Amino acid sequence: MPELPEVETVRTGLQRLLVGRTVKEARHDNQKSFPNSVEDINAFLIGARVMAVRRRGKVLIIDLNTGYSLVTHLKMTGQLVFVDSKEASSAKKRFGAGHPNESLVGLLPDRSTRVTITLNDAAILYFNDQRKFGWMRLLPTVAVPEIDFFKKLGPEPLQSEFTFRVFDERIMRRKKSRIKAVLLDQTVIAGIGNIYADESLWGAKIHPETRVDQISQVKRRALHQSIVSVLQLSIDKGGSTDRNYVNAEGKKGSYIQFAKVFRKEGTPCQRCGTTILKMRSAGRGTHICPKCQRVVK
DNA sequence: CACTTGACCTGTCCGC
DNA sequence: TGCGGACAGGTCAAGT
């Protein structure tokens with residue numbers, strides 16, 4: 001669901017579409033999705049100009065010129081969709097208050113819309129979230145790195161600082177844990193979720209249940225490389241649309257077509273032809289090639 | 001400390 | 001056709 005490549009794809013789109021625009025109006029239907037007070041919203045969001053759109057792990061940070069940032073976690077089913085003024089008015093004319101169809105995701109509010117932010121030029125930013133796990137909140141920009149989630153968050157895997165040495169030191173702190181659980185732990189590495197954990201482990205030929213201290217250094221190096229290349233490839237493909245992920249323009253990503261194991265159970269492994277299996281590891285649906293990724297006892 | 005389970009949610013799919 | 005239940009998986013909190 002939105003993992004690092006998906007959130008990065010949204011970030012790139014919003015950076016281009018939002019920076020320089022100002023906020024005219026904000027509506028939200030649900031205190032859980034956007035817990036700030038009306039006073040805070042009026043003081044720090046309405047009238048604010050967007051300065052930059054950043055990402056840390058799976059979290060988006062929209063910096064405003066009021067000294068506040070709009071921080072958003074999409075969790076499982078969240079979407080941040082920008083609709084320009086032309087699209088917004090023509091969709092309104094054609095569909096009235098109806099629901100958008102497949103090709104018009106995000107062009108109109110639907111029952112999953114939690115927050116609607118109208119911009120100065122009549123463009124609209126929707127925060128949609130079917131399952132209400134996601135959240136959006138206004139925080140002072142200087143306070144953003146101080147929230148618990150960010151203080152504990154691991155390094156960004158696509159920055160040059162993420163060397164094998166850094167990776168290895170961090171996973172080896174969890175040497176008695178199973179590697180899949182470690183990859184999913186955001187305090188070890190930021191941004192990996194279920195899709196890219198499975199894809200990275202297939203790339204390095206490591207079984208997800210292997211204890212970290214049972215993995216050879218050669219394979220740990222392969223895993224480091226695999227994580228970086230899988231995440232980068234996915235960004236190049238605009239992320240994975242498994243269920244309802246869309247980018248800032250409401251468009252789907254295509255990485256899933258290039259996936260080697262994720263949701264590929266029953267199909268032959270591209271390396272050896274063995275049938276891909278689905279199992280459970282770290283409480284998650286987990287996809288492996290049982291021949292390439294051997295269980296280590 | 002490692003690990004599992006449950007909670008948070010809603011839509012979809014499967015079997016009866 | 002309807003209905004109950006399993007399942008999807010990011011994160012946190014509580015339990016083993």
Side-chain angles (χ1 to χ4, degrees), chain A residues 1-8 10 28-35 55-61 71-80 99-102 105-106 109-115 127-137 147-154 157 170-201 208-215 231 234 239-246 252-253 255-256 259 261-266 277-288:
Chain A
M1 325 304 314
E3 304 179 29
L4 188 153
E6 291 73 36
V7 179
E8 178 60 21
V10 174
H28 61 102
D29 74 336
N30 176 314
Q31 206 56 40
K32 183 175 175 271
S33 297
F34 196 169
R55 178 190 59 75
R56 180 77 173 94
K58 300 172 189 172
V59 176
L60 273 167
I61 305 160
V71 182
T72 304
H73 199 312
L74 300 173
K75 292 284 181 86
M76 307 287 303
T77 55
Q79 306 173 331
L80 272 178
H99 291 314
N101 64 28
E102 263 284 286
V105 175
D110 61 29
R111 81 192 105 164
S112 76
T113 299
R114 308 297 164 207
V115 184
F127 173 38
N128 300 327
D129 185 18
Q130 187 178 96
R131 289 170 70 178
K132 303 180 186 175
F133 286 3
W135 47 261
M136 170 178 271
R137 67 188 59 155
I147 66 174
D148 250 22
F149 182 86
F150 285 128
K151 276 203 292 194
K152 291 191 278 184
L153 196 57
R170 297 189 73 86
I171 64 168
M172 288 302 259
R173 284 190 213 170
R174 298 280 305 274
K175 60 186 178 182
K176 294 191 175 175
S177 304
R178 290 171 179 158
I179 186 62
K180 173 143 179 178
V182 174
L183 294 182
L184 292 175
D185 185 337
Q186 302 299 293
T187 70
V188 178
I189 305 164
I192 300 174
N194 205 37
I195 299 173
Y196 304 108
D198 284 3
E199 293 295 305
S200 300
L201 288 168
E209 301 269 277
T210 314
R211 269 172 50 146
V212 172
D213 61 5
Q214 299 296 309
I215 306 172
L231 293 174
S234 182
S240 299
T241 295
D242 175 38
R243 297 178 70 86
N244 67 351
Y245 163 75
V246 292
K252 297 179 178 187
Y255 174 84
I256 209 78
V261 285
F262 191 79
R263 292 284 155 82
K264 296 287 180 188
E265 61 269 32
L277 294 185
K278 185 171 181 184
M279 55 176 286
R280 280 192 96 71
S281 183
R284 297 281 170 259
T286 297
H287 311 76
I288 62 162

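Residue numbers start from 1 in every chain, and the chains themselves are labelled A, B, ... in the order their sequence lines are given, proteins ahead of strands. What you see is a predicted model; the values in this text were computed from it and never measured.
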**Q** Can you tell me which nucleotide in dA2(B), dG10(C), dG11(B) comes closest to the side chain of Gln130(A)?
**A**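 Between dA2(B), dG10(C), dG11(B), the one nearest the side chain of Gln130(A) would be dG11(B).
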**Q** Should the side chain of Arg131(A) and the base of dA8(C) be counted as holding a donor-acceptor pair, with the cut-off at 3.5 Å?
**A**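 Under the 3.5 Å cut-off, the side chain and the base do form a donor-acceptor pair.
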**Q** Is the phosphate of dT11(C), meaning OP1 or OP2, less than 4.0 Å from a side-chain N or O of Gln186(A)?
**A**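 Result: yes.
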**Q** For Met76(A) and for Asp148(A), find the nucleotide of DNA chain C with the closest heavy atom, then tell me which residue's nucleotide is more 5'.
**A**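 Taking each residue's closest nucleotide, the earlier one in sequence belongs to Met76(A).
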**Q** Short question: side chain of Glu209(A), backbone of Arg178(A) - any donor-acceptor pair under 3.5 Å?
**A**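 Checked: no pair found.
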**Q** When you look at NZ of Lys175(A), are more than 12 heavy atoms from neighbouring residues, nucleotides or ligands closer to it than 6.0 Å?
**A**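 Result for NZ/Lys175(A): open.
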**Q** Could you give the CG-to-C1' distance, from Asp185(A) to dC12(C), as a whole number of Å?
**A**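 Spelled out: CG on Asp185(A) to C1' on dC12(C) is 12 Å.
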**Q** Atom CH2 of Trp135(A) to atom P of dA7(B): distance rounded to whole Å?
**A**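 In whole Å, dA7(B) P lies 23 Å from Trp135(A) CH2.
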**Q** Has Arg280(A) got a side-chain N or O lying under 4.0 Å from the OP1 or OP2 atom of dA8(C)?
**A**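 For Arg280(A), the contact criterion (side-chain N or O under 4.0 Å from OP1 or OP2 of dA8(C)) is met.
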**Q** Counting just side-chain N and O atoms, does Lys152(A) come under 4.0 Å of either OP1 or OP2 of dT11(C)?
**A**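 Negative; the distance criterion is not met.
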**Q** Got Ile288(A) and Asp198(A) here, is their nearest side-chain heavy-atom distance under 4.5 Å?
**A**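 When only atoms from C-beta onward are counted, Asp198(A) and Ile288(A) do not touch, as no gap falls below 4.5 Å.
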**Q** Figure out the CG/P separation between Leu153(A) and dT11(C), and round it to whole Å.
**A**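 That distance rounds to 9 Å.
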**Q** Could you identify the nucleotide paired to dC7(C), looking across every strand shown and requiring Watson-Crick or G-U wobble geometry with both distances under 3.5 Å?
**A**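 dC7(C) is paired with dG11(B).
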**Q** Assuming nearest nucleotide by heavy-atom distance, tell me which of Arg284(A) and Lys176(A) is located more 5' along DNA chain B.
**A**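 Looking at the nearest nucleotide for each, Lys176(A) comes out on the 5' side.
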